[in-house]
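Notes follow the structure.
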Amino acid sequence: MLSYQHLYHAGNLADVQKHAMLGYMLDYLMRKPKPISYIETHAGRGLYDLSAAEALRTGEAEKGIGALSGDLPRDHPYTLALYQIRDAQGPDAYPGSPLIARTLLRDIDRLHLAELHPQEHAALERALSGPGVAIHRTDGFELAQSLCPPEPRRGLMLVDPSYEVKNDYDRIPRFLAQVARKWNVGVLALWYPVLTSGLHQPMLRALTDAHPGALRHEVHFPPIRDGHRMIGSGMFVINPPWGLADETRRIDRLFASARKR
């Protein structure tokens, strides 16, 4: 459960999809002057160095943000956060979702971030500690249950586990159903891998049956190396903000343009 480290994968194609959608959703929620809550169940370290040996070993960032950054609209919230962080941290810096959220959100907003891995938790504290940010070294599913409904009531939860714990696929539909009952106005966003084995499919069928109004979006790409089981990336969003479907079509065009090169 504590073996996964996102540094090997930071800035990959899955991150581009996830972070573009996250940036849009947060920007939409902030169009009203009211404060929001942001909850992340599996936060990671928040800030990644793409020149580190771990990132260079897989080469995933080069095929992800390295290939697509020039195609992203300069005024997109994701792009604005990325360049603001690189201006401060250097050209090889890449923000994880908690740092993207912290960069985009306002002083009136509140962040709750959970991370169990001891080294990742320590790095997260170094990257994000400050007013309005609560960093928890605890199980993210349990934290979310204890917080919901949060105060402020408006807001977004990102659920982004590594899925190294196989029962996550069974646990997540029950977890999201419970959170949705407690926090019926919250935007609940789940990231999941698209796998050659189809292991994710029963989870998605359960989620779709329980939340027929949710938005589901997937991008597909070649395996990063021979034998790699992940061939795509998905987001399942309960209570999707207005305009998110249009955003997913822009992401589709971005990925289609990259495939033609």
Side-chain angles (χ1 to χ4, degrees), residues 4-25 42 44 48-74 76-79 81-83 86 92-97 99-100 158-164 166 168-169 172 189-205 207-208 214-237 240 244-261:
Y4 180 83
Q5 295 186 52
H6 191 62
L7 181 54
Y8 290 92
H9 314 289
N12 65 6
L13 288 165
D15 268 0
V16 173
Q17 179 218 18
K18 174 176 60 182
H19 292 155
M21 291 180 68
L22 176 65
Y24 176 88
M25 290 188 286
H42 300 76
Y48 300 91
D49 178 5
L50 298 186
S51 67
E54 296 90 338
L56 294 175
R57 184 182 306 172
T58 63
E60 291 187 39
E62 181 182 0
K63 295 180 180 180
I65 192 63
L68 297 182
S69 60
D71 297 330
L72 293 165
R74 293 289 300 193
H76 193 284
Y78 171 37
T79 313
L82 177 64
Y83 283 98
R86 287 185 166 175
D92 294 316
Y94 187 80
S97 43
L99 188 53
I100 290 173
L158 177 62
V159 183
D160 181 19
S162 67
Y163 295 94
E164 288 192 333
K166 298 306 180 187
D168 281 350
Y169 292 101
I172 282 170
L190 169 73
W191 177 86
Y192 60 91
V194 177
L195 303 172
T196 55
S197 66
L199 188 60
H200 59 293
Q201 292 290 359
M203 177 187 74
L204 289 174
R205 286 194 291 270
L207 288 169
T208 302
L215 180 146
R216 174 181 168 183
H217 178 251
E218 292 183 357
V219 292
H220 296 85
F221 39 79
I224 195 67
R225 55 190 173 276
D226 289 343
H228 194 57
R229 298 180 304 117
M230 191 169 111
I231 55 170
S233 170
M235 290 282 281
F236 188 89
V237 184
L244 185 60
D246 292 335
E247 176 65 19
T248 63
R249 286 188 278 273
R250 285 188 286 270
I251 293 170
D252 289 339
R253 291 194 292 271
L254 175 69
F255 275 71
S257 175
R259 284 195 296 270
K260 292 177 182 177
R261 294 176 189 154

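What's counted below: heavy atoms across the whole structure, side chains too, no hydrogens, waters or symmetry copies.
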To the nearest 0.5 Å, atom OG of Ser69 lies from atom CZ of Arg74 at 9.0 Å
Shortest non-hydrogen contact between Met235 and Ala189, atoms and distance:
CE-CB, 4.1 Å
To the nearest 0.5 Å, what is the distance between OH (Tyr192) and CD (Glu218)?
3.5 Å
Which heavy-atom pair separates Ser51 from Asp92 by the least distance, and what is that distance?
CB-OD2, 3.6 Å
For the pair Glu247 and Arg250, find out whether any cationic side-chain nitrogen is under 4.0 Å from an anionic carboxylate oxygen.
yes
Measure the spacing between CG of Leu244 and CD1 of Ile251 and express it to the nearest 0.5 Å.
7.5 Å
Would you say the rings of Phe236 and His200 are close, in the sense that their centroids are separated by under 6.0 Å?
no
Do any N or O atoms from the side chain of Arg229 and from the backbone of Thr196 form a donor-acceptor pair under 3.5 angstrom?
no
Taking the side chain as every heavy atom from C-beta outward, state whether Leu13 and Leu68 have any atom pair closer than 4.5 Å.
yes
If I compare all heavy atoms of Leu195 with all of Leu199, which pair ends up nearest, and what's the gap?
CD1-CB, 4.0 Å
Hey, could you give me the CE/CG distance between Met25 and Leu215, rounded to the nearest 0.5 Å?
9.0 Å
Donor-acceptor check, side chain of Gln17 to backbone of His217, threshold 3.5 angstrom: yes or no?
yes
Other residues, nucleotides and ligands only: do more than 12 of their heavy atoms fall within 6.0 Å of CD on Glu62?
no
Hey, does Phe255 have a side-chain heavy atom less than 4.5 Å from the side chain of His220?
no
Spacing of CG belonging to Asp160 relative to NZ belonging to Lys18, to within rounding of 0.5 Å
3.5 Å
Compare all side-chain heavy atoms of Ile65 with those of Leu82 and state whether any distance is below 4.5 angstrom.
yes
Run the salt bridge (charged side-chain N to carboxylate O under 4.0 Å, His left out) test on Asp252 and Arg249 for me, step by step, so that the C-alpha distance in whole Å, both residues' side-chain angles and the decisive distance to 0.1 Å come before the verdict.
CA-CA 5 Å; Asp252 289 339; Arg249 286 188 278 273; over 6 Å; no
Would you say the side-chain atoms of Ser233 pair up with the backbone N or O of Val219, donor to acceptor, closer than 3.5 Å?
no
Closest non-hydrogen atoms of Leu72 and Tyr78, given as atom of the first, atom of the second and distance, are CD1-CE2, 3.8 Å
Leu207 and Arg216, any side-chain heavy atoms less than 4.5 Å apart
no
List the steps and the verdict of side-chain contact (heavy atoms from CB on, under 4.5 Å) for Asp15 and Tyr94.
CA-CA 10 Å; Asp15 268 0; Tyr94 187 80; 3.7 Å; yes
I want to check something: taking the side chain as every heavy atom from C-beta on, are His42 and Tyr163 in contact at a cut-off of under 4.5 Å?
no
So how far is it from Glu54 CD to His9 NE2, rounded to the nearest 0.5 Å?
11.0 Å
Met21 to Val237 - nearest heavy-atom pair and separation
CE-CG2, 4.2 Å
Donor-acceptor pair, distance only, cut-off 3.5 Å: does the side chain of Thr248 make one with the backbone of Ala245?
yes
Nearest non-hydrogen partners of Ala61 and Ala10, listed with the distance
CB-O, 3.3 Å
